[in-house]
Structure formats: structure tokens, C-alpha cells
Amino acid sequence: ASRDVTVTVFQPRRMLVGQSNFRSAPSGGTGGSPILLRESRAADSDGDGLPDDAEFVVGTRSDRIDTDGDGFSDLRELELGLDPTGGRGLPNGVIAGIDLLGEAQEAVLIESPTDPTRTLALVATGSYGLDVVDTTQLLSPMSIGRMNVPGGVGDVAYDPGLRIAVAADGGNQLHFVDLADPTNPDLRFSLTLQGSGIRRIEIRDGLAYATGYDKIFVIDVASATLVRTVQTNAYDIVDIAIDGDLLTLIESRPRLYAYSIDNGEPILEDQLNLPSSAGKLFLGGGIAYVTAGDGFAGGFSTVSVSDRR
């Protein structure tokens, strides 16, 4: 027998909702009605970013921001491709992977220059060059663009204002890549520096800071020109990090150096001997986190750099 039917559809990618009311065809027949998707006019009772009619379709509660209590809001779980009713967040350990050409040496997460709702990873792929991976859906990352760079790429940094990535080849060259279209990275210019071992690079306020064996090179990203070269007291620079107007670097002896870069010119403010050989460096909230090398049984060292007087 025919029945009155209401079908509601939610398209989470564009946050559109549609509804159709019709009478079903008799048993064995076909029928239906087209559904027009548009922005929801329903209330968002719990303020989680999902209108109530969308919550009805998904099966989440309109009176709870996090229906399953796993620490992710219902909207965020949909954005990540997770189940907002599943009762668990992401598991510990590796949750997804993707095969790339070359060897993954470094990755930096950026907002897509063409779609601010999407997150991309720029991956320095060693002997191959550069890969652009869409990581918006954490469980299904997808390579959307890549570029072969002669000499390879060991590190990469990104200027969101200029939409330019700067890649270091580990030798004496920096490559400037236009990412206005992340699916088609475009090598615009290569800059040769007087030095070797340009392994690490960071960008702040339109300036790239690249480190060689014992030098800091400051480069204007827009014009791809060298602004200044700073001779350091470091011996074999291992890594570099920037937070606000503070630049820190570590060397293999091991030692950490703190530089002010308020005006774009690195000025040494302090240095500290570390208890173990240094690996990677992360800087944030006035704390430098230094991963341990062979001289320390795992873990990392922490150094307060909030007071450099």
C-alpha cells in the first residue's frame, strides 16, 4: 500500500540539507521526489555547528555538542570522517598512511590556499621532491599534487600570505614553489646560497630563515633574494624553530642558541649546553622541546626560553 514518506538528506561537505515529502508508490512500484539541497533554516540547539535537522539525519543529539562523549564535537567528527555516535575518538598510534614517491623527510600542515576548510600537508620527499597531501579526512589522506625537484628536498616551510613554499635541498639551494593551485605545484625560482648543507628552514613575516653548517641565511620570500647572512657560534646546526620573535637552533655538540628576530635580523640572546645529543626541535609557549639523540635513552629535553635576559 502507498504511504506518506518524508526523506531528509544532509550533505556534510557543504553543510546543506534537503527534504522531500511524497506518497510512496504501491508495492512493487517505483516513485519518489527530487530533493533540493540548501542551507538549513533549522535551529542549532546545542551550538555545535550542526543544525537540528542535520543532527536528525546523522543520528546525533541536538542537545549535546559531543553526542558520544569522546572529546570531539559532532561537527568535528564529521569533518574528520569519523562516526560522531561511535563512542571513541582516534586510537593511539598510526591511524592511516599513504605511499609517496621518495622518502618523507619533513611535513608541515597548512590551510589550503583554495579552500580554508581543508588541511594540507606539504611533505619534503627526499630524493623525489615535494608532495601535497590532503589530510582533511584523517583516516584517508590523499596526495593531490607533487613536484619532482632535481637534488631532492629535505625540508619545507610555507608563507600563507604569499602562498609560496620554500624548500631546502640539503645542499646550497632553496626552491620557491607557487602553491596558488595546490594540485599543481609550480617551481618559480631557485636561489643558490654561498654555503653547503642547507638542511632546515622556517618562515616568519615574509622572511625565510635557512640554516647551513654554521650560518643563518635570511631570505625575502616575495623576491627570493638574500637579505643577510649571520655567522653563528654553532657547530653543525641540527634544527631550527621559530615562535613569535624568538628563533632557536640546536647544534650537534649539543647546545641550544636563542636569537631575537624582532626586526628580521637574528641577534643572539643566550645559549645553553644540553645534557644529551640533540635531534629534532619544537618551540612553543616559551618552551623548547628537543628530542634526544643517541646519548639519551629516548624521550626529549625541555628548556624554558621565556626569560632570555
Side-chain angles (χ1 to χ4, degrees), residues 12-13 71-73 75-82 89-170 173-188 198-206 208-211 221 238-243 279-284 289 291 300:
R13 173 72 176 81
F72 291 90
S73 73
L75 176 60
R76 186 57 180 152
E77 291 206 63
L78 288 176
E79 292 173 339
L80 295 175
L82 304 176
L90 297 174
N92 292 328
V94 177
I95 61 171
I98 183 173
D99 292 328
L100 302 174
L101 300 179
E103 314 80 36
Q105 301 289 322
E106 188 68 34
V108 56
L109 293 177
I110 69 169
E111 178 185 284
S112 171
T114 57
D115 183 352
T117 68
R118 308 197 72 77
T119 302
L120 307 179
L122 305 182
V123 185
T125 51
S127 60
Y128 182 80
L130 183 69
D131 210 304
V132 183
V133 179
D134 189 328
T135 59
T136 307
Q137 299 290 331
L138 293 181
L139 300 181
S140 54
M142 177 176 60
S143 175
I144 62 172
R146 58 170 53 109
M147 183 182 67
N148 182 234
V149 179
V153 173
D155 195 16
V156 62
Y158 179 69
D159 188 311
L162 298 171
R163 298 188 296 184
I164 290 176
V166 183
D169 70 352
Q173 283 197 318
L174 296 178
H175 304 288
F176 295 75
V177 183
D178 187 346
L179 286 176
D181 177 4
T183 66
N184 185 32
D186 182 16
L187 179 59
R188 290 299 182 88
I198 312 299
R199 295 180 293 185
R200 313 301 299 172
I201 185 166
E202 294 285 342
I203 293 177
R204 177 181 181 265
D205 294 342
Y209 298 82
T211 56
V221 177
V238 175
D239 204 359
I240 181 177
I242 292 176
D243 184 29
K280 301 287 290 183
L281 171 65
F282 173 77
L283 180 63
Y289 301 84
T291 61
F300 54 86

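Source: prediction; values computed, not measured.
A donor-acceptor distance shorter than 3.5 angstrom exists from the side chain of Thr291 to the backbone of Lys280, with no hydrogens or angles considered. A donor-acceptor contact shorter than 3.5 Å links the side chain of Asp155 to the backbone of Ile201.
Using cut-offs of 30° and 60° for the angle between ring planes, the Tyr289 and Phe300 rings count as perpendicular.
Nearest heavy atoms, Leu179 versus Ala165: CD1-CB, 3.7 Å. What you find for Val153 and Gly129 is that their closest heavy atoms are CB-O, 3.2 Å. Minimum heavy-atom separation, Ile110 to Tyr158: CG2-CD2, 3.5 Å.
In terms of the side chain to side chain donor-acceptor pair (under 3.5 Å) criterion, residue partners of Thr114 (sequence neighbours excluded) are, by chain and number, Ser112. Listed by chain and residue number, nothing satisfies the salt bridge (Lys or Arg N to Asp or Glu O under 4.0 Å) test with Arg163 (two or more places apart in sequence, or in another chain). Evaluation of the side chain to side chain donor-acceptor pair (under 3.5 Å) rule for Asn148 yields no partner, not counting sequence neighbours. Asp186 is linked by a side chain to side chain donor-acceptor pair (under 3.5 Å) to Arg188, counting only residues two or more places apart in sequence or in another chain. With sequence neighbours left out, the side chain to side chain donor-acceptor pair (under 3.5 Å) criterion links Glu103 to Ser127.
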Val149/Asp169 under side chain to side chain contact (heavy atoms under 4.5 Å, CB included): CA gap, chis, key distance, verdict: CA-CA 9 Å; Val149 179; Asp169 70 352; 5.7 Å; no

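Residue pairs meeting the salt bridge (Lys or Arg N to Asp or Glu O under 4.0 Å) criterion with at least one member in residues 132-147, sequence neighbours excluded, are Arg118-Asp134, Asp131-Arg146.
Each of Asp178, Ile164, Leu162, Leu120 was checked for a side chain to side chain contact (heavy atoms under 4.5 Å, CB included) with Pro113, and the lone residue meeting it is Leu120.
Note: Leu78 CG to Gln137 CD = 9.5 Å, rounded to the nearest 0.5 Å. Atoms OG1 and CD, from Thr125 and Gln105 in turn, are 8.5 Å apart once rounded to the nearest 0.5 Å.
Inter-residue side-chain proximity for Thr136 and Met142 is flagged as unmet; no heavy-atom pair is nearer than 4.5 Å.
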